[in-house]
Undergrad: 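The structure follows.
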Amino acid sequence: MSKPVRVRFAPSPTGPLHIGGVRTALYNYLFARKMGGQMLLRIEDTDQNRFVPGAEDYIMEALRWVGIEIDEGQGVGGPHAPYRQSERREIYQKEAQRLVDEDKAYYAFDTAEELDVMRKRLEEANAPAAQYNSITRMQMRNSLTMKPDDVRARIDAGEPFVIRLKTPRKEEVRLNDLIRGWVNVHSSAIDDKVLLKSDGLPTYHLANIIDDHLMGITHVIRGEEWLPSAPLHVLLYRYLGWEDTMPQFAHLPLLLKPEGNGKLSKRDADLGGFPIFPLQWTDPVTGVVARGFREEGYLPEATINFLALLGWNPGTEQELFTMDELIASFDLTQVHKAGARFDIQKAQWFNHQYIRQVADQELAPTVQQQAEAAGFNCSLEKANKIVALLKGRVNFAHEIFNEASTIFNAPSVYDETIVAAKWNDDAIRAVTAFRDALQPVDGDFLAEAIKHTLGDAMQQAGIKQGKIMQAMRVALTGSGTGPDLMLTMEIIGKEETIGRLEAALATLKIKVS
RNA sequence: GGCCGAUUCGUCUAGCGGUUAGGACACCGCCCUUUCACGGCGGUAACACGGGUUCAAUUCCCGUAUCGGUCACCA
């Protein structure tokens, strides 16, 4: 029996979570649930310069919104606390020191300027790679080139230093990616990565490996941008003596720009007029507000469904999935290998599918609020009817109110094309006859009854109903398109219906002659 | 540029040696609706290119092209 699956989502609190990050978290979650395992949340805040206040809370709220439940980690606790890397520095320092003691890493004292000089010199010399590696390190200021006493003295004197990995000169490093298969890299392509920075905090590479090991992570599911450094990570597991329990890797394809070259960015979202963050984010420095999927009216279920299918497909023809269905059918080996272009139209379609399934009563209060904010009286009952009439036509809940404008507003102008084409003598006779037939109607003013009244009136007047429906619609709403007319009349009521018919008769009569 | 990865309709994708290359979004058309939509039905549309391997390649191998990622004391 293999050990229980444990995955982690390990974002950096450098700003709002990108939608691609949400997808990464989702795939981790689906895999964990599918395998009956656990999902951890770890905060990788080892870069003090890029820390953004509020980002961590934002990440947790975003995960909660889309329905990703964290079993262990930041915000929920667990046996491996703390889950914020900035609070675990001693752990990393201890392991980094161990690597130095075992001659697998070394101290380096080079300044930023010295590194620049080195790189420039190598580039000018047309060296294969301008990096700190097994060859160039012998010309730099580090514990491999300096006398031990000198090194000790500098450290004791408090001179800043970093710890670098002593990457082997020639060694084949291979890893078996769950999505991509075997990936081979020669160690000469890997430089002597900084493991511990001069501020005493680890770099991603070190912290990541140590924490994943300590926290019992069995599967590392992350973005493709990490694939180039994955061999380095394998090397680290080996040097730390943990290779036999090394997690399996799965590198996910990236989300690409809707058009053009490159990966999806905030700028594409601004240009395309779509969100790229799950929730609204207010930049703490500039105060600039970026709306999220939630604020734009996307339902969490739709967002998840859309994201899940961007790079993964169960191989069946099912398109709509609940979270439980996603879990049941998810399979890492079915993840597509190439990057996926981000297509917001598909997201809108998913939202359309989910909006129509929401109960009228749930959507009604929003419509009522919008109507009242716009200065209209709208009972909850009326809002309910409007929702029932329109929710199947829209992509977003907030569009219902806009679609209902012909209900709230009597027409002030009439669509000229329709008027020109359809407003003739028959139309006038029809509208007049219908108005007269409506006058004596008592009691409930319901669509079904209105339909009959109209039908009877047209029959009596000897007019084909189909011929005058467009004119009737224009008379009542000013527009050639809109929701079902009978129900529209039911909602606006008898008085308003008759009023609109008379207004149309008065203003449009003139145009005919 | 070096290294790594990828390449099926405009887009998301199914396919894992023999298929009329399937589905979804978008687009177009028809039907339904004595109105507008929703919806239903249908249509246009793809295996990057060149070599192999094989009785047979979209599928396997090698090149080429293109695209993506990465080359920091950022993650």
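Everything numeric here is computed off the predicted structure, so don't read it as measured data. Naming convention: chains lettered A, B, ... in sequence-line order (proteins, then strands); numbering from 1 in each chain.
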Undergrad: What nucleotide among B:rU70, B:rG39, B:rG23 has an atom nearest to a side-chain atom of A:Q353?
TA: B:rG39

Undergrad: What is the distance, rounded to the nearest whole Å, between atom CZ of A:R341 and atom P of B:rA6?
TA: 18 Å

Undergrad: As a test of reading the structure: which of B:rC4, B:rC25, B:rU35 is closest to the side chain of A:Q345, going by heavy atoms?
TA: B:rC25

Undergrad: In whole angstrom, what separates A:N133's CG from B:rC3's C1'?
TA: 13 Å

Undergrad: Hey, is A:D426 close enough to A:K467 for a salt bridge, meaning N to O under 4.0 Å?
TA: no

Undergrad: Please report, rounded to the nearest Å, how far the C1' atom of B:rG69 is from the CZ atom of A:R222.
TA: 13 Å

Undergrad: Please tell me which of the listed nucleotides, B:rC73, B:rC12, B:rA75, lies nearest to the side chain of A:V194?
TA: B:rC73

Undergrad: Could you state the CG-P distance from A:N142 to B:rC73, rounded to the nearest angstrom?
TA: 14 Å

Undergrad: Under a 4.0 Å N-O cut-off, is there an ion pair linking A:K263 with A:E225?
TA: no

Undergrad: Would you mind classifying the nucleic acid contact of A:E317 as base, sugar-phosphate or nothing, using non-hydrogen atoms under 4.0 angstrom?
TA: sugar-phosphate

Undergrad: Is the ring pair A:F277/A:Y58 parallel, tilted or perpendicular, if the boundaries are 30 and 60 degrees?
TA: perpendicular

Undergrad: Tell whether A:K193 reaches the base of B:rA72 with its side chain through a donor-acceptor pair below 3.5 angstrom.
TA: no

Undergrad: Out of B:rU11, B:rA14, B:rG68, which nucleotide sits closest to the side chain of A:L254?
TA: B:rG68

Undergrad: Return the nearest nucleotide to the side chain of A:A189; candidates are B:rA24, B:rA14, B:rC3.
TA: B:rC3

Undergrad: What is the nucleic acid contact for A:G223, judged by heavy atoms within less than 4.0 Å: base, sugar-phosphate only, or nothing?
TA: nothing

Undergrad: Suppose we call a contact any N or O donor and acceptor under 3.5 Å apart; does that hold for the side chain of A:S198 and the base of B:rC73?
TA: yes

Undergrad: In this structure, how many angstroms lie between the P atom of B:rC27 and the CG atom of A:D343, rounded?
TA: 11 Å

Undergrad: Side chain of A:R119, heavy atoms from C-beta onward: which of B:rU13, B:rA75, B:rC73 has the nearest atom to it?
TA: B:rC73

Undergrad: Is it true that A:F274 and A:F342 have ring centroids separated by less than 6.0 Å?
TA: yes

Undergrad: Are any of the side-chain nitrogens in A:K94 or A:E90 under 4.0 Å away from the carboxylate oxygens of its partner?
TA: no

Undergrad: Pick the closest RNA chain B nucleotide for A:M486 and for A:D191 by heavy atoms, then say which residue is nearer the 5' end.
TA: A:M486

Undergrad: Is the phosphate of B:rC73, meaning OP1 or OP2, less than 4.0 Å from a side-chain N or O of A:R164?
TA: yes

Undergrad: Could you check how far CZ of A:R393 sits from C1' of B:rG39, rounded to whole Å?
TA: 13 Å

